[in-house]
Every structure is written in C-alpha cells, then in structure tokens.
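Note sheet for the following structure.
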Amino acid sequence: ALALPAAVYMLQEQEAHAAEMERTFIAIKPDGVQRSLIAEIISRFERKGFKLVAIKIVVPSKNFAEKHYHDLKERPFFNGLCDFLSSGPVVAMVWEGEGVIKYGRKLIGATDPQKSEPGTIRGDLAVVVGRNIIHGSDGPETAKDEINLWFKPEELVNYTNNAEKWVYG
Ligand code: ADP
C-alpha cells in the first residue's frame, strides 16, 4: 500500500526538478587550454553535481568570435578579445542543472581575476582580465543564444546520470 504513493511522490519530485533544469554555455578559452586547465575546470562543474551534455574542442574563426562577443563590439578591448578567442583551441561545453547559469558564474568568479574570490576558477587560476581562462553565459537568454551559436541541436545529449538521484534527492 505504501509502494505506490512513494513512487508517485518520487515521480513528482523528479518532475519538479526537471522543470527547474537549465543549461548554460561554458567555454575554456585558449589560455585555459594552453595552461592544461581543462580537467581542473571540468572537474569543478562535475564535482558540484552539474551534468555535461555537450563538449568539443574547436579553433573559432575571428568572425565567429565576433559573433560570440557581439554584445561587446563597442568596447575598446573588443578586437583584441576576438583575436585572442580565435588564437587557438577552445573547449566549448554545455552544462545542465538546477541554477547552473547563475551558479556557474559563481564557480567562475568575477570578470577581473584580481576581484575574483579565492575558491573560484578565475580567483584560483588566473591573474589578469585579458587572460581569465573561462567564459560562462550571463543569463537565460544569452545561454540559449550561445548554445545555439556553438552547437547543433544533435550535439546536445539527453541522458540520466546515475548520481542525479543523490544530487537532487
Ligand atoms: P564575463 O566574461 O565575466 O562575462 P564580460 O562579458 O564583461 O565578462 O567580458 C567578456 C570578456 O572580455 C572577459 O571575460 C574578458 O576576457 C574580456 N574583458 C572584459 N573586460 C576587459 C578589459 N577591461 N580589458 C580586456 N579584456 C576585457
């Protein structure tokens, strides 16, 4: 008699979590790749409990970098930034989880590594703003746009990670 309500309850819990699932675009920039920080960075998102649903390594063209950073085209550092992003391999990823857009930004730390808290990726691993090793979408709209820019729909993988029930209860 208890089994059915418990199963229904668990299903409702899972549906509640599913409703709050979101995805963000995260990129390890050429400096992070060259400094052999790929595993370190992935590990921080993975250990948190977020789920990797897409990953590839690419050298973006200058034109592609300009598309990615189009919001910053009026800034004085725009050209140098786009040159830099297209200067070597970038690890492009999509991470999924509850609150992953906002919390991903917390894991990353402030834009200027001098202002990033210790314990954050930029705080622990970078020194200057022009070489801050990682990008993360800054909100739901940019997350959607950036995922669409960097990935084809079929490159995103839907799967259940066995640890999810321990991460979300
Ligand atoms: P974030 O990457 O934290 O979202 P922004 O969107 O403001 O930050 O800027 C995008 C990227 O542009 C930064 O990650 C950094 O690499 C670069 N950038 C930002 N401000 C400067 C600056 N003053 N000088 C050089 N590069 C900068």
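The residues of the chain are indexed from 1 along the displayed sequence. Read the numbers this way: they start at 1 and go in the same order the structure lists the ligands and their atoms.
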Options [options], ranked by nearest heavy atom to [atom], top entry:
atom                    : options                    : answer
atom 24 (N) of ligand 1 : Asp112, Asp138, Val129     : Val129
atom 3 (O) of ligand 1  : Ile133, Thr111, Ile108     : Thr111
atom 23 (N) of ligand 1 : Phe78, Phe77, Phe84, Tyr69 : Phe77

Answer yes or no for Arg75: is there a heavy-atom contact with ligand 1 below 4.0 Å?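 Outside the 4.0 Å threshold, so no.
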Could you tell me if any non-hydrogen atom of Lys29 lies under 4.0 Å from any atom of ligand 1?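 So Lys29 counts as touching ligand 1.
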Got Phe84 and Arg131 here, is their nearest side-chain heavy-atom distance under 4.5 Å?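 Sidechains of Arg131 and Phe84: in contact.
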Hey, is Arg122 touching ligand 1 through its side chain, its backbone, both or neither, going by heavy atoms under 4.0 Å?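 For Arg122, only side-chain atoms sit under 4.0 Å from ligand 1.
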Which part of Arg105 is near ligand 1, with near meaning a heavy atom under 4.0 Å away: side chain, backbone, both or neither?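 Arg105 to ligand 1: side-chain contact only, backbone stays beyond 4.0 Å.
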Starting from atom 6 (O) of ligand 1, find the nearest protein heavy-atom neighbour and note its residue, name and distance.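 Checked against all protein heavy atoms, atom 6 (O) of ligand 1 sits closest to Leu72 CD1, 4.0 Å.
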Distance from atom 17 (C) of ligand 1 to nearest protein heavy atom, with residue and atom: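 Ranked first by proximity to atom 17 (C) of ligand 1 is Leu81 CD1, 3.7 Å.
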Can a salt bridge be assigned to the pair Lys62 and Asp83 using a cut-off of 4.0 Å between side-chain N and carboxylate O?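 Counted as a salt bridge, because a side-chain N and a carboxylate O are separated by less than 4.0 Å.
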Closest contact, heavy atoms only, Ala65 versus Leu85: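 Taking Ala65 first and Leu85 second, the nearest heavy atoms are CB-CD2, 3.9 Å.
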Quick one: which ligand 1 atoms are inside 4.0 Å of a heavy atom on Asn132?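 Ligand 1 atoms under the 4.0 Å threshold to Asn132: 13 (C), 14 (O), 15 (C), 16 (O).
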Asp124 vs Arg44, salt bridge (Lys or Arg N to Asp or Glu O under 4.0 Å): CA-CA, chis, key distance, verdict: CA-CA 12 Å; Asp124 290 348; Arg44 290 178 182 223; 3.1 Å; yes
Got a sec: does the NZ of Lys56 have more than 12 other heavy atoms crowding it under 6.0 Å?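 Yes, because the 6.0 Å sphere around NZ of Lys56 holds more than 12 heavy atoms from other groups.
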Which label fits His68 and His135: parallel for a plane angle under 30°, tilted from 30 to 60°, or perpendicular past 60°?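 Taking His135 first and then His68, their aromatic rings stand perpendicular (interplane angle over 60°).
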Give the intermediate values and the outcome of salt bridge (Lys or Arg N to Asp or Glu O under 4.0 Å) for residues Lys73 and Glu66. CA-CA 8 Å; Lys73 63 174 175 291; Glu66 287 168 357; over 6 Å; no
